[in-house]
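Remarks on the structure that follows.
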Amino acid sequence: MNPNGSGSIFDEFLNANSIFLNKEVLRHSYTPDYLPHRDEQIRSIAAILSPALRGETPSNILIYGKTGTGKTAVARYVGKELENVGRNRNVPCHVVYLNCEIIDTQYRVLANLSKYFNREVPMTGWPTDQVYQEFKNAIDRHRAVIIIILDEIDKLVKKGDEVLYNLSRINSELDNAKVSLIGISNDLKFTEYLDPRVRSSLGEEEIVFPPYDAQQLRDILEERAKLGFRDGVLEDGVIPLCAAFAAQEHGDARRALDLLRIAGELAEREGAEKVTERHVRLAQEKIEIDRIVEVIKTLPMHSKVLLYSVVFLESSNVRGATSGEVYRVYKEICREIGIEPLTPRRITDLISELDMLGIINATIVNKGRYGRTKEITLSVPLESTKSVLLSDYRLSNLKDFTQKLSVQSHF
DNA sequence: CCTCCACCGGAACGTGAGGAGT
DNA sequence: ACTCCTCACGTTCCGGTGGAGG
């Protein structure tokens with residue numbers, strides 16, 4: 001027994017009557033066995049891939065759809081099934097999944113593919129064509145159909161379409177193996193940047209995933225909730241509310257699942273018996289705040305200083321400061337932390353950027369005789385914004401600055 | 001009705017980093 | 001190793017603007 005008089009400090013959190021049965025199924029990385037409202041897409045992908053089971057090369061496929069429309073889940077699901085059936089029928093099919101957001105260069109794609117077929121390739125160092133050769137040798141030893149799923153393929157294209165060109169014509173250089181590609185993109189127009197030959201080869205078949213509506217999102221959540229939560233811990237309104245919030249967010253199932261999971265986590269942390277609509281609203285708020293914090297954290301330094309100027313003015317009870325006022329404070333802060341201020345022209349652009357991001361609100365107002373300017377207000381919570389900004393080491397010594405000037409402003 | 005404030009925002013240009021080609 | 005090109009970020013310059021006050 002520890003000095004606190006209980007077993008372990010984790011006991012309280014390991015308590016048996018947890019709300020969750022299995023939290024993993026509520027993550028969007030989980031591939032469920034049943035995907036509601038995607039039968040049509042599953043069927044068409046299966047139909048396109050079915051030649052693989054006769055040892056023939058399936059057409060390449062491009063899958064489009066916004067985030068959280070089930071593209072990845074469907075592709076992986078069909079891939080898994082194909083491998084299973086192939087194994088039973090003794091027709092070897094390999095499905096390789098690559099996320100191009102992480103694996104985003106030609107070299108890394110080829111190195112990862114080689115690794116999948118047990119060819120160790122150093123993460124860096126070899127000439128690209130040697131890795132390509134290595135990969136071809138690795139797969140061509142056996143008679144097999146290989147499906148390569150390239151998720152977020154648009155990220156790959158930004159760095160040049162050479163990989164896609166090579167992969168799409170690899171079949172003509174192979175004797176035994178057959179390769180076909182599934183590209184997944186949430187950008188409908190990304191093929192515009194492609195070489196026409198790659199475009200036509202890659203887009204032999206195109207499938208669009210429409211967004212889910214609120215009712216469909218409810219079905220999806222019900223399905224996962226059965227596996228993820230204990231019986232009866234969800235109040236009636238919880239799932240519909242999650243679905244409604246996510247439906248506003250262009251029918252994003254990922255968002256809906258996040259909401260449900262986070263609502264559950266919040267309830268659990270409170271020690272509540274049930275997940276209520278209030279928890280869902282709190283979860284919605286938390287997701288929004290997390291997003292803002294992330295955006296602010298990754299802002300360039302001058303934008304941070306600029307935002308801090310707005311924060312400073314608002315904490316001195318100046319709401320709707322003009323660009324001129326904000327700029328003067330900004331210059332002052334720059335001097336305080338020893339950096340060169342940018343010109344007003346540049347600041348105008350940075351203000352517009354912050355406006356676009358929804359962090360501040362800038363509206364043009366005419367004050368007649370007294371000119372024409374933008375009135376700037378903060379549209380995110382003041383205190384949390386301030387603390388995020390101050391957590392940047394370059395701004396950290398502004399804590400005193402706030403006090404110094406806010407004392408002055410009392411005059 | 002005219003002026004003129006205090007800024008907006010377009011255009012052109014400069015600069016350094018990073019990638020591709022050779 | 002070298003040049004060339006592109007791109008993001010900034011600056012300089014400047015024409016434009018809606019309405020309070022004269």
Side-chain angles (χ1 to χ4, degrees), chain A residues 100-112 122-133 152-169 187 189-190 192-198 294-310 312-314 316 318-379 389 392 394-395:
Chain A
C100 304
E101 187 165 25
I102 308 153
I103 304 161
D104 59 353
T105 62
Q106 159 140 320
Y107 189 93
R108 286 188 203 148
V109 168
L110 293 171
N112 267 279
M123 281 322 283
T124 145
W126 287 12
T128 310
D129 45 341
Q130 188 182 341
V131 186
Y132 184 59
Q133 199 60 47
E152 314 215 23
I153 193 169
D154 40 329
K155 299 277 161 48
L156 195 58
V157 175
K158 288 210 179 95
K159 309 219 174 164
D161 54 8
E162 213 184 324
V163 220
L164 296 178
Y165 182 67
N166 286 335
L167 284 177
S168 63
R169 55 189 295 270
D187 181 359
K189 299 176 300 178
F190 96 100
E192 284 173 16
Y193 313 108
L194 285 176
D195 185 303
R197 286 168 298 181
V198 181
E294 199 47 42
V295 170
I296 294 178
K297 254 191 206 160
T298 52
L299 242 31
M301 184 186 50
H302 280 288
S303 297
K304 284 185 178 174
V305 175
L306 174 62
L307 183 56
Y308 193 83
S309 314
V310 180
F312 170 74
L313 281 164
E314 296 228 341
S316 325
V318 184
R319 277 194 73 79
T322 65
S323 334
E325 290 168 305
V326 172
Y327 185 71
R328 281 186 284 279
V329 174
Y330 160 81
K331 234 163 95 178
E332 197 57 37
I333 295 176
C334 282
R335 183 164 357 138
E336 183 76 16
I337 62 177
I339 59 172
E340 275 296 300
L342 301 173
T343 54
R345 178 67 187 84
R346 181 64 187 140
I347 292 300
T348 306
D349 283 345
L350 294 187
I351 287 173
S352 307
E353 278 172 32
L354 290 177
D355 189 17
M356 299 267 278
L357 288 169
I359 300 173
I360 62 172
N361 194 319
T363 24
I364 297 177
V365 288
N366 285 299
K367 293 185 196 282
R369 176 87 254 195
Y370 305 102
R372 191 166 189 263
T373 181
K374 268 182 177 168
E375 262 183 12
I376 297 161
T377 49
L378 200 63
S379 45
L389 288 171
D392 187 314
R394 291 164 297 195
L395 305 192

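In what follows, every heavy atom counts, from backbone to side chain, and hydrogens, waters and symmetry copies are set aside. Remember, it's a predicted structure, so these values are computed and weren't measured experimentally.
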task = Return yes if some donor-acceptor pair links the side-chain N/O of A:Glu375 with the main-chain N/O of A:Ala362 below 3.5 Å, else return no.
result = no

key: Close approaches to DNA chain B from residues 345-363 of chain A, in residue order (heavy atom, under 4.0 Å)   = A:Arg345, A:Thr348

message = Could you go through A:Ser309 and A:Arg328, starting from their C-alpha distance and side-chain angles, then the distance that decides it, and tell me whether this counts as side-chain contact (heavy atoms from CB on, under 4.5 Å)?
response = CA-CA 9 Å; A:Ser309 314; A:Arg328 281 186 284 279; over 6 Å; no

inquiry  = Is the phosphate of B:dC7 approached by A:Thr322 (side-chain N or O, under 4.0 Å from OP1 or OP2)?
reply    = yes

task = Determine: side-chain N/O of A:Ser323 to OP1/OP2 of B:dC8, distance under 4.0 Å, yes or no.
result = yes

message = Is the shortest side-chain heavy-atom distance between A:Arg394 and A:Ile337 below 4.5 Å?
response = no

request  = Measure from the side-chain N and O atoms of A:Tyr330 to the backbone N and O of A:Leu342, and report whether any donor-acceptor pair falls under 3.5 Å.
outcome  = yes

Heavy-atom check, side chain of A:Val365 versus side chain of A:Arg372, under 4.5 Å = no

note = Per nearest nucleotide of DNA chain B, the residue lying toward the 5' end, A:Lys374 or A:Tyr370, is A:Tyr370

task = Go through the steps to decide whether A:Arg335 and A:Glu332 satisfy the test side-chain contact (heavy atoms from CB on, under 4.5 Å), and finish with yes or no.
result = CA-CA 5 Å; A:Arg335 183 164 357 138; A:Glu332 197 57 37; 3.6 Å; yes

task = Evaluate the criterion side-chain contact (heavy atoms from CB on, under 4.5 Å) for residue pair A:Ile347 and A:Leu350; output intermediate values, then yes/no.
result = CA-CA 5 Å; A:Ile347 292 300; A:Leu350 294 187; 4.1 Å; yes

task = Please assess A:Arg319 against A:Leu313 for the test side-chain contact (heavy atoms from CB on, under 4.5 Å), listing each intermediate value before the final yes or no.
result = CA-CA 7 Å; A:Arg319 277 194 73 79; A:Leu313 281 164; over 6 Å; no

message = I'd like the 5' and 3' limits of the part of DNA chain C contacted by chain A, with heavy-atom contacts below 4.0 Å.
response = C:dC9 to C:dG21

